[in-house]
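Here's the structure we're looking at; comments come further down.
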Amino acid sequence: MEIKDLRSLVRYSQEKMAKIPVFESPYMFYDLYALLPGQAQKVHAHEGADKVYYVREGEVVVRMGEEEALLAPGMAALAEAGKPHGVRNESASPALLLVVMAPRP
């Protein structure tokens, strides 16, 4: 059984959004994304894989296709396969997200 304390994995980088692997398999990945104010994940797409962003701390603006929405703690958004997506932290506080993608690209 693989168990991890997510709190001990959290780290922020002044240079860019930190993508922190938590669990990986040939079928999916489960990561933490740590964004300081002003940091972003550029808009991109994955053919054949869905991604879910779940906000644990802070707020982020999520983009799915041409739509954008503000996500707060406890909120999640689905990026369907092939749909351009990304997140950015426009707030004055750090943001922490859980991100799952399956199947793994």
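Keep in mind it's a predicted model, so treat the numbers as computed, not measured. Heads up: numbering here begins at 1 and tracks the sequence.
- Judged by a 6.0 Å distance limit and a 45° cone about the ring axis, Lys19 is positioned over the six-membered ring of Phe29.
- Counting non-hydrogen atoms of other residues, nucleotides and ligands closer than 6.0 Å to CD of Glu80 gives a total of 12 or fewer.
- Checking side-chain atoms of Asn89 against main-chain N and O of Ser93 turns up a donor-acceptor pair under 3.5 Å.
- Between the side chain of Asp50 and the backbone N or O of Ala81 there is at least one donor-acceptor pair closer than 3.5 Å.
- The distance from the NZ atom of Lys51 to the NE2 atom of His44 is 3.5 Å, given to the nearest 0.5 Å.
- Expressed to the nearest 0.5 Å, how far CD1 of Ile20 lies from CG of Leu6 amounts to 9.5 Å.
- Closest approach of Pro94 and Pro37 over heavy atoms only: N-CD, 4.1 Å.
- For Ala45 against Gly82, the heavy-atom pair with the smallest separation is CB-O, 3.9 Å.
- Both Val10 and Leu98 are members of a single hydrophobic cluster when ILVMFWY side chains are connected at heavy-atom separations under 4.5 Å.
- The two residues Ala102 and Met28 make their nearest non-hydrogen contact at CB-CB, 3.8 Å.
- Met101 is connected to Met17 through a chain of hydrophobic side-chain contacts under 4.5 Å among Ile, Leu, Val, Met, Phe, Trp and Tyr, so both are in one cluster.
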Requested in this report: Check the pair Val22, Asp31 against side chain to side chain contact (heavy atoms under 4.5 Å, CB included), reporting the backbone distance first and the verdict last.
Outcome: CA-CA 5 Å; Val22 178; Asp31 291 344; 5.5 Å; no
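- Each of Leu96 and Val99 belongs to its own hydrophobic cluster when Ile, Leu, Val, Met, Phe, Trp and Tyr are linked at side-chain heavy-atom distances under 4.5 angstrom.
- A donor-acceptor pair under 3.5 Å is formed between the side chain of Gln39 and the backbone N or O of Leu36.
- Of the inter-residue distances, the one linking Gln41 atom CD with Arg63 atom CZ reads 13.0 Å to the nearest 0.5 angstrom.
- The main-chain N or O of Met64 is never found under 3.5 Å from a side-chain atom of Lys83 such that the two would form a donor-acceptor pair.
- For Ala49 against Pro103, the heavy-atom pair with the smallest separation is CB-O, 3.0 Å.
- Shortest non-hydrogen contact noted between Leu35 and Tyr12 is N-CE2, 3.7 Å.
- His85 places no side-chain N or O within donor-acceptor distance of the main-chain N or O of Gly65, the cut-off being under 3.5 Å.
- By the 6.0 Å contact criterion, NZ on Lys42 is open, its count of non-hydrogen atoms from other residues, nucleotides or ligands being 12 or less.
- Linking ILVMFWY residues whenever their side-chain heavy atoms come closer than 4.5 Å, directly or via other members, leaves Leu78 and Val55 in distinct clusters.
- In the hydrophobic clustering of ILVMFWY residues, with side-chain heavy atoms under 4.5 Å counting as a link, Tyr53 and Met75 come out together.
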